Protein chains: 2
Amino acid sequence: MNGRAMEGDGRSAAKLELETFLPYRLNVLASIVSQGLSGIYAKRYGIGVPEWRVMATLGQFGAMTAKDIGGHSHMHKTKVSRAVAILEKRQMVQRRANRQDLREAFLSLTDAGRAVYDDLVPVALTFAADLTEGLSRSERAELEALLAKLMKRGLTLLSEHAAGLGDEG
Amino acid sequence: MNGRAMEGDGRSAAKLELETFLPYRLNVLASIVSQGLSGIYAKRYGIGVPEWRVMATLGQFGAMTAKDIGGHSHMHKTKVSRAVAILEKRQMVQRRANRQDLREAFLSLTDAGRAVYDDLVPVALTFAADLTEGLSRSERAELEALLAKLMKRGLTLLSEHAAGLGDEG
DNA sequence: TATTGTTATACTCTATAACTATA
DNA sequence: TATAGTTATAGAGTATAACAATA
């Protein structure tokens with residue numbers, strides 16, 4: 001790979017190795033995994049990550065408002081809105097008015113959407129299982145716990161640093 | 001809502017909880033972390049992730065060709081090329097011709113680039129340390145090992161599924 | 001006035017391929 | 001012919017703000 005000579009003679013106080021640097025690793029790993037999984041549902045149903053997240057959320061919770069979907073799946077309201085519009089056009093998601101508050105609506109999967117969801121869930125679970133194939137049961141548990149801790153901590157750091165903040169994809 | 005049953009051991013229905021689903025978690029976590037870190041060097045020096053990766057690679061290895069930078073930092077050659085062009089324009093990176101092969105050139109940090117690098121490295125390391133603040137030494141080691149395993153496994157899965165493959169950011 | 005949700009706009013990425021110059 | 005690197009182009013994705021409807 002890289003047989004280049006180094007001249008890292010310690011001019012920098014501490015050294016940073018990109019390949020083991022946590023933010024870099026998370027980024028590369030996430031993008032590899034995302035590419036692998038989204039490739040599957042893109043190919044099967046022509047949907048992207050936001051649409052998948054909306055379906056997964058509705059599949060899990062049944063009926064929700066767009067705001068709740070966004071809160072639960074870490075997506076901005078505009079992203080949710082567009083994903084829902086795409087899924088409605090394909091008749092995978094339906095909306096039912098909330099008579100108590102006409103600004104919002106309850107969204108849910110249609111029968112067709114539920115069928116797609118039921119088709120995709122085992123594929124997604126298999127994908128994740130394949131990914132952790134080499135890990136023991138305890139390693140898997142440890143991984144879950146570590147990721148949960150990191151996410152919580154990351155959110156804390158973000159909100160400390162920048163008070164107002166949007167979202168990501 | 002309705003626990004869909006999957007084939008397998010009869011006890012637990014195969015449901016997918018987005019918030020604990022590994023690909024989702026990795027994506028959200030990576031984007032939180034990336035947002036936090038890149039916000040810092042974007043604010044200080046107006047550079048983005050690709051530029052930062054080029055600097056980190058050159059800071060670590062001294063002099064490299066664009067191709068080797070790309071291989072080491074998981075970036076496509078066009079992304080490396082543009083990042084290098086930006087860094088050259090800001091006189092943070094310089095190039096030296098390779099007389100053995102004039103198609104390529106050895107890139108390295110200028111003194112100014114090294115100064116920026118030396119400024120950013122401790123900030124980046126502190127950021128990563130902050131992120132893992134609540135973890136014990138052994139948890140940190142476990143995290144590193146797990147991420148390395150997942151990345152290797154993910155790359156294997158990707159290359160199995162899609163023979164030709166590009167890159168990510 | 002505040003909130004839910006949609007739409008418009010502009011901007012940034014990204015992927016691809018075409019291109020150059022060397023080999 | 002193949003490789004290192006650059007540039008062009010087009011498409012996707014993103015953020016922001018403006019907006020409409022309702023509270």
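These numbers were taken from a predicted model, which means no experiment stands behind them. Proteins get letters first, then strands, A, B, ... in listed order; numbering begins at 1 in each.
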Practice problem: To the nearest Å, give me how far apart NZ (B/K79) and P (D/dT6) are. | Solution: 16 Å

Quiz item: In residues 92-102 of chain A, what residues come within less than 4.0 Å of DNA chain D, judged by heavy atoms?
Solution: A/Q100, A/D101, A/L102

Practice problem: Would you mind reading off the distance between B/E51 atom CD and C/dT12 atom P, rounded to a whole angstrom? | Solution: 12 Å

Quiz item: Between B/H76 (NE2) and D/dT6 (P), how many Å, whole number?
Solution: 13 Å

Quiz item: Given that A/A85 and A/R103 both sit by DNA chain C, which one's nearest nucleotide is further toward the 5' end?
Solution: A/R103

Quiz prompt | Nearest-Å distance for atom pair NZ/P, residues B/K67 and C/dA21 | solution = 21 Å

Exercise. Taking side chain to side chain contact (heavy atoms under 4.5 Å, CB included) as the test, write out the residues that go with A/E88, two or more places apart.
Key: A/V84, A/V93, A/R95

Quiz item: Does B/S81 or A/G48 map to a spot on DNA chain D nearer the 5' end, using the closest nucleotide for each?
Solution: B/S81

Exercise. Would you indicate what A/T65 reaches in the nucleic acid, counting non-hydrogen atoms under 4.0 angstrom: base, sugar-phosphate, or nothing?
Key: sugar-phosphate

Quiz prompt | Residue pairs fulfilling ring pair (Phe, Tyr, Trp, His ring centres under 6.0 Å) with at least one residue in residues 20-56 of chain A, sequence neighbours excluded | solution = A/Y41-A/W52

Quiz item: B/M75 CE to D/dT6 P: how many Å, rounded?
Solution: 12 Å

Practice problem: Could you check which of C/dT16, D/dA15, D/dA4 has an atom nearest any side-chain atom of B/E104? | Solution: D/dA4

Quiz item: So do A/V123 and A/R44 actually touch side chain to side chain, heavy atoms under 4.5 Å?
Solution: yes

Practice problem: Return the value, rounded to whole Å, for the distance between atom CD of B/Q35 and atom P of D/dG13. | Solution: 19 Å

Exercise. With sequence neighbours excluded, give me every salt bridge (Lys or Arg N to Asp or Glu O under 4.0 Å) pair touching residues 21-35 of chain A.
Key: A/R25-B/E144

Quiz item: A/I69 has an atom CD1; how far is it from atom P of C/dG5, in whole Å?
Solution: 9 Å

Exercise. Report the nucleotide, chosen from D/dT3, C/dT6, C/dT16, that has the shortest atom-to-atom distance to any side-chain atom of A/K77.
Key: C/dT6

Practice problem: Select base, sugar-phosphate, or nothing to describe what B/A105 touches, counting heavy atoms under 4.0 Å on all strands. | Solution: sugar-phosphate

Practice problem: Could I get the full list of salt bridge (Lys or Arg N to Asp or Glu O under 4.0 Å) partners for A/R153, not counting sequence neighbours? | Solution: B/E133

Quiz prompt | Distance, rounded to the nearest Å, where A/R82 contributes CZ and C/dT9 contributes C1' | solution = 10 Å

Exercise. Taking only the side-chain heavy atoms of B/T78 (C-beta and beyond), determine which of C/dT6, C/dA17, C/dA23 contains the nearest atom.
Key: C/dA17

Quiz prompt | Residue list, salt bridge (Lys or Arg N to Asp or Glu O under 4.0 Å) with A/D130, at least two apart or on another chain | solution = none

Quiz item: Quick one: do B/R53 and B/E51 make a salt bridge, cutoff under 4.0 Å?
Solution: no

